[in-house]
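Taking it in order: structure first as structure tokens, then the write-up.
Numbers restart at 1 for each chain; the letters A, B, ... are given by sequence-line order, proteins then strands.
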Amino acid sequence: MEKYDPKNIEQHWYQTWEAAGYFAPSGQGPAFSIAIPPPNVTGTLHMGHAFQHSLVDAIIRRKRMQGANTLWQMGTDHAGISTQMIVAEQLALENTTPMELGRDGFIDRAFRWKDESGGQINQQLRRMGASLHWDTERFTLDEGLSQAVIEVFTRLYEEGLIYRGKRLVNWDPKLQTSISDLEVISEEEKGFLWHLKYPLVDQPDVYLEVATTRPETMLGDAAVAVHPDDSRYQHLIGATVTLPLTDRVIPIIADHYVDPEFGTGCVKITPAHDFNDYEVGQRHDLPLHEMMNPDGTICDSAPSAYQGLDRFEARKRLVEDLEAAGCLAKVEDHTLMVPRGEKSGVIVEPLLSDQWFVRVGPLAEPAIEAVESGAISFIPQQAENIYFAWMRDLKDWCISRQQWWGHRIPAWYDETGAIYVGRNEAEIRAQNGLSETTVLRQDDDVLDTWFSSALWTFSTLGWPDETESLRTFHSTSLMVTGHDIISFWVSRMIMMTLKFMNEVPFEKVYIHGLVTDAEGQKMSKSKGNGLDPMDIIDGISAEALVKKRTDKLLQARQKDRIERSTRKEYPEGIEAHGTDALRFTFCAIATSARSMRFDLKRVDGYRNFCNKLWNAANFVAVNTEVLVNVSDREESTADQWIRRQFQETSNKVNLAFDDHRFDLAAKHIYEFIWDEFCDWYLELCKPILSSSDCTDAQKSGTQHCLLETLESILRLAHPLIPFITEALWQKLPKNFRNGPSIMIAAYPGSIESDSVSDPASADIEWVKAFVGAVRNIRGEQDIAPSKRITILLQAGDAEDHRRQKQHALLLDALAKPEAMNWIEANVEPPPSAIQIVGTLKILVPLAGLIDKSAELERLNKELTKLEKEIQRVNGKLSNPSFIANAPQEVVEKERAKIAGYQKQKTDFEAQKHRVAAI
RNA sequence: GGGUGUUUAGCUCAGUUGGGAGAGCGACGGCCUUACAAGCCGUAGGUCGCAGGUUCGACCCCUGCAACACCCA
């Protein structure tokens with residue numbers, strides 16, 4: 001057989017599966033469905049995707065093998081803002097702008113870009129082995145989904161759950177659109193705290209000092225607020241101050257929002273440009289003084305000196321002028337949270353504007369109920385807290401965006417400004433009796449991308465039509481996503497789906513952690529610490545990796561730093577590991593923790609694991625090439641043992657899957673294949689297959705057990721490592737596998753096994769302990785594994801005698817004795833190294849082999865260990881309340897333990913004296 | 001400031017009703033033993049963040065504190 005090379009198998013098998021139609025629902029069995037969190041249509045696969053889809057694919061493949069009617073619904077998202085931005089950047093390179101192209105031209109252009117680049121993420125998903133149902137792939141802007149969006153908007157409007165109004169929203173001055181909270185990234189930055197003096201109207205020589213991180217917003221101030229209980233300012237509440245550099249007079253108000261400990265305890269209130277101040281303004285009925293245009297320049301209501309200035313330039317000028325006017329008390333260094341647009345990178349402004357909103361209150365109530373009642377459960381359950389915290393304090397959702405790429409809002413205005421909402425213009429004219437001569441103009445804005453995402457589980461299945469798919473696969477079974485979008489996506493899906501489907505979008509939500517780099521840092525382009533899953537699969541040279549990480553960076557300083565750290569971390573680039581190793585790694589690190597450090601060394605380890613499996617299969621193939629043909633087969637003790645071990649592993653893996661503990665599933669599979677199947681079972685098979693003392697019935701039994709166990713292992717591991725398992729499964733003799741592909745073979749189940757009577761396992765455990773004892777002596781004494789040694793056995797019980805005799809073949813192969821002889825208990829053995837298994841003494845006579853001092857050292861080590869244990873157990877047993885209160889069986893166990901330890905201690909001490917006497 | 005989570009071997013992490021602390025990687029020593037050197041065999045290494053409490057008994061339950069991470073203000 002050729003060497004393990006993932007490249008040779010992975011591509012081939014995916015194509016075969018897809019061509020065979022295995023990804024489609026079988027149409028039989030209970031329905032099981034998962035909707036993919038739609039990736040951006042123009043995007044590429046990042047580590048988060050790769051991680052998430054590895055888990056989902058494992059779930060999906062297992063369910064499919066278990067006979068469920070399984071659908072993993074594929075689809076992509078139009079990603080309004082980021083796509084619009086990318087296309088605008090492309091246009092800029094061609095020295096043109098979206099405005100020049102016009103709305104229709106721009107949308108055409110965006111669709112072209114989508115068609116050109118849209119295939120990449122799909123190809124990458126295929127490389128990951130994701131068994132998505134491609135045939136019914138959807139896109140948020142396609143015809144059907146757009147219909148669903150319009151339907152939902154119209155119905156919500158008709159019920160008064162969508163309204164238009166002027167509110168404070170997050171405004172991106174560069175992209176010139178409102179953006180969602182999700183797209184605002186607040187990070188700590190160094191800045192200043194300016195202390196400004198506002199003189200009292202009645203006593204111009206007395207000042208109130210306010211501290212602000214944004215002095216330019218003073219132009220929009222409507223009040224100064226103090227805490228109602230702050231004794232320093234009690235007498236001033238209700239008085240007025242003059243706003244410096246302007247002729248505005250503003251009141252001093254009292255509000256609990258103010259933190260009296262912070263700064264001077266006086267806060268300037270700018271209701272039109274700050275979310276908190278807006279609420280304070282609402283409470284006190286303050287006017288909204290707007291001082292900024294949508295492009296970030298100072299607007300015309302400001303004093304003429306500042307009109308038209310950019311906001312940062314205005315800040316500089318204002319601070320200078322305030323200082324000149326004697327109104328600047330001091331400037332302090334201050335770190336503050338600066339909100340920036342995720343896509344544009346510029347500082348976001350809270351700005352008043354006309355927007356569309358969803359009134360979420362009436363939708364939230366049933367959505368909270370659905371989780372409280374258990375109709376939807378979060379895994380891990382703790383994640384519910386994030387959901388409840390968000391839902392209890394829900395603000396109306398701004399759904400309009402001043403963009404072109406997206407679902408255009410189905411609202412029209414006539415010349416008087418009256419609003420008509422409907423499914424299309426014709427419907428509106430008919431419903432409202434508008435004549436042909438009435439001019440209607442459609443709203444220019446599009447909907448927030450999340451609006452269409454909120455309908456995802458049912459819009460992708462054909463809603464509003466009552467399709468067969470919708471009936472079969474909705475509610476979906478499970479949603480897998482990160483905790484960062486519970487608020488923005490999960491909650492909205494729950495609200496919208498309950499509203500329009502009258503059922504939950506999914507029964508369970510599995511919330512996974514964030515994949516970070518080895519230092520625990522979030523992977524990001526600007527940090528240059530990101531990894532491309534494809535590079536881990538295919539490998540990449542150091543040069544190419546550096547280029548990739550630094551290519552699109554603007555700052556040279558960053559570039560040098562990233563290049564240095566990249567070359568240090570990956571001096572040789574990244575080796576090819578294959579998809580299976582990467583997928584297994586993702587499963588293995590998927591604990592319930594909030595973040596997971598991704599370490600390439602883990603992938604190395606699991607690549608080695610795949611290689612191990614490959615070679616084990618090779619061993620099985622070589623040793624079963626010619627099957628011994630007999631009518632009755634005889635199973636060896638090892639065969640019985642490994643079947644049992646497999647069954648227990650299968651039980652544990654199924655349990656882990658049911659608990660969504662992918663790390664445990666991976667661990668049990670890994671340990672069984674490597675530690676039990678490879679390290680012991682294959683070794684135990686060798687003597688049986690090669691010995692002339694073994695009968696054909698025995699050889700045949702072992703050959704069958706080898707093939708059957710391997711076949712079972714492959715099925716058990718398939719959901720995690722689909723490619724290598726299929727490749728190896730296909731190489732098995734046809735009568736040892738069932739069906740054309742492992743993908744649709746039956747998944748190993750859970751079987752209650754009798755845990756009491758298991759003589760085979762007890763025997764093999766004894767063999768392992770025996771061999772381990774001899775290996776320990778060899779290791780400590782530096783005796784080569786290949787060197788045959790004399791082994792003497794002393795004491796022991798009847799079982800020891802039986803087992804030694806019955807399993808002599810195995811012991812001979814693994815312990816490699818020259819001779820193995822029993823000596824009477826009262827006979828003084830020759831100077832030897834000793835190990836004790838239970839009551840059996842295993843002795844390796846010196847005969848020039850043994851290093852005396854090494855052996856004394858080893859014995860002392862054993863004795864220290866024993867003494868520590870004896871002391872610990874004695875402490876327990878000499879405690880009367882332990883005897884009185886602990887369960888009888890625990891006390892008995894401790895007593896049995898100490899008896900064994902004492903005996904061994906005596907034996908080791910005697911041995912120590914013998915060796916010392918040499 | 002509020003909330004959530006984390007703290008176990010040098011590193012990354014398991015530890016499922018409280019009853020003898022585990023794995024992988026790394027380290028050290030020895031092996032080309034006919035599936036695999038991407039391997040095999042052996043060894044070392046931990047006051048389970050700190051301080052209390054409950055209990056016969058605490059990595060595990062309770063309280064407080066500290067550090068770190070993320071979310072929200």
- Round to a whole Å and report the spacing from CZ of A/Phe388 to P of B/rC72. 19 Å
- Task: Under 4.0 Å between any heavy atoms, over every strand shown, what does A/Lys686 touch: base, sugar-phosphate, or nothing? Just pick one.
- Result: base
Strictly under 3.5 Å: I want the nitrogen or oxygen pairs between protein and nucleotides 5-10 of chain B, one per line.
{"unit_1": "B/rG5", "atom_1": "OP1", "unit_2": "A/Gln382", "atom_2": "OE1", "d": "3.2"}
{"unit_1": "B/rG5", "atom_1": "OP1", "unit_2": "A/Gln382", "atom_2": "NE2", "d": "3.0"}

- Contact under 4.0 Å: A/Lys3 side-chain N or O vs B/rA38 OP1/OP2: no
- Item | B/rC32 versus B/rA44 - spacing of their P atoms, nearest Å | 24 Å
- With respect to the phosphate group of B/rA44, does any side-chain polar atom (N or O) of A/Arg858 fall under 4.0 Å of OP1 or OP2? no
- Does one side chain, of A/Asn623 or A/Gln703, offer a donor that lies under 3.5 Å from an acceptor on the other? no
- Task: Take the protein atom CD of A/Glu683 and the nucleotide atom P of B/rU34, then report the distance between them rounded to whole Å.
- Result: 10 Å
Each nucleotide N or O in nucleotides 39-43 of chain B that has a protein N or O under 3.5 Å away: list the pair and distance.
{"unit_1": "B/rG39", "atom_1": "OP1", "unit_2": "A/Asn608", "atom_2": "ND2", "d": "2.9"}
{"unit_1": "B/rG39", "atom_1": "O3'", "unit_2": "A/Lys612", "atom_2": "NZ", "d": "3.1"}
{"unit_1": "B/rC40", "atom_1": "OP1", "unit_2": "A/Lys612", "atom_2": "NZ", "d": "2.8"}
{"unit_1": "B/rC40", "atom_1": "OP1", "unit_2": "A/Trp674", "atom_2": "NE1", "d": "2.7"}
{"unit_1": "B/rU43", "atom_1": "OP1", "unit_2": "A/Asn776", "atom_2": "ND2", "d": "3.0"}

- Item | Residues in salt bridge (charged side-chain N to carboxylate O under 4.0 Å, His left out) contact with A/Glu818, at least two apart in sequence or another chain | none
- Out of B/rA35, B/rU12, B/rA14, whichever nucleotide has its closest atom nearest the side chain of A/Arg602: B/rU12
- Message: From CD of A/Glu676 over to P of B/rA23, roughly how many Å is that when rounded to an integer?
- Response: 13 Å
- Query: Run the side chain to side chain contact (heavy atoms under 4.5 Å, CB included) check on A/His577 and A/Ile537 step by step: do they pass?
  - Reply: CA-CA 5 Å; A/His577 293 84; A/Ile537 293 172; over 6 Å; no
- Message: Per the salt bridge (charged side-chain N to carboxylate O under 4.0 Å, His left out) rule, what does the pair list look like for residues 578-591 of chain A, sequence neighbours excluded?
- Response: A/Asp57-A/Arg583
- Hits for ring-ring contact (aromatic ring centres under 6.0 Å, His included) against A/Tyr606, two or more places apart or cross-chain, chain-then-number order -> A/Phe584, A/Tyr670
- Message: Would you measure the distance from the P atom in B/rU17 across to the matching atom in B/rC25 and give it in whole Å?
- Response: 28 Å
- Under 4.0 angstrom, heavy atoms only, what part of the nucleic acid is A/Glu857 near: base, sugar-phosphate, or nothing? nothing
- Using the P atom as the reference point in each nucleotide, state the distance between B/rA37 and B/rG5 in Å, no decimals. 47 Å
- Task: Decide if the gap between the ring center of A/His704 and the ring center of A/Phe736 is smaller than 6.0 angstrom.
- Result: yes
- Task: Give a yes/no answer on whether the side chain of A/Arg597 brings an N or O atom under 4.0 Å of OP1 or OP2 in B/rC13.
- Result: yes
- Message: Counting the atoms with a prime plus P, OP1 and OP2 as sugar-phosphate, which does A/Cys610 contact under 4.0 Å by heavy atoms, base, sugar-phosphate, or nothing?
- Response: nothing
- Nucleotide of B/rA35, B/rA14, B/rA38 approaching A/Asn618 most closely (side-chain heavy atoms): B/rA35
- ring-ring contact (aromatic ring centres under 6.0 Å, His included) partners of A/Tyr570, counting only residues at least two apart: none
- When the distance from CG of A/Asp782 to P of B/rC31 is rounded to whole Å, what number comes out? 7 Å
- Test item: side-chain donor near acceptor, A/Lys268 and A/Thr217, under 3.5 Å: yes
- Query: Could you give the CG-to-C1' distance, from A/Asp5 to B/rA38, as a whole number of Å?
  - Reply: 12 Å
- Go through the structure and list residues passing ring-ring contact (aromatic ring centres under 6.0 Å, His included) with A/Phe51, not counting sequence neighbours. A/His512, A/Phe586
Distances under 3.5 Å between protein N/O atoms and the N/O atoms of nucleotides 52-61 of chain B, please, pair by pair.
{"unit_1": "B/rC56", "atom_1": "O4'", "unit_2": "A/Ser881", "atom_2": "O", "d": "3.3"}
{"unit_1": "B/rC56", "atom_1": "O4'", "unit_2": "A/Asn885", "atom_2": "ND2", "d": "3.3"}
{"unit_1": "B/rC56", "atom_1": "O2'", "unit_2": "A/Asn879", "atom_2": "ND2", "d": "2.8"}

- Output all residues satisfying salt bridge (charged side-chain N to carboxylate O under 4.0 Å, His left out) with A/Arg858, sequence neighbours left out; order by chain, then residue number. A/Glu855
- Task: Please work out which of the three classes, parallel, tilted or perpendicular, describes the rings of A/Trp674 and A/Phe609, given edges at 30° and 60°.
- Result: parallel
- Note on the structure: Writing each nucleotide of RNA chain B 5' to 3' as (, ), [, ], | or . by Watson-Crick or G-U pairing under 3.5 Å yields (((((((..((((.....[..)))).(((((.......))))).....(((((..]....)))))))))))).
- Query: What pairs meet the salt bridge (charged side-chain N to carboxylate O under 4.0 Å, His left out) rule with one or both residues in residues 771-781 of chain A, with sequence neighbours excluded?
  - Reply: A/Glu780-A/Lys861
- Message: So, using side chain to side chain donor-acceptor pair (under 3.5 Å) as the criterion, who are the partners of A/Trp680 when residues are at least two apart?
- Response: none
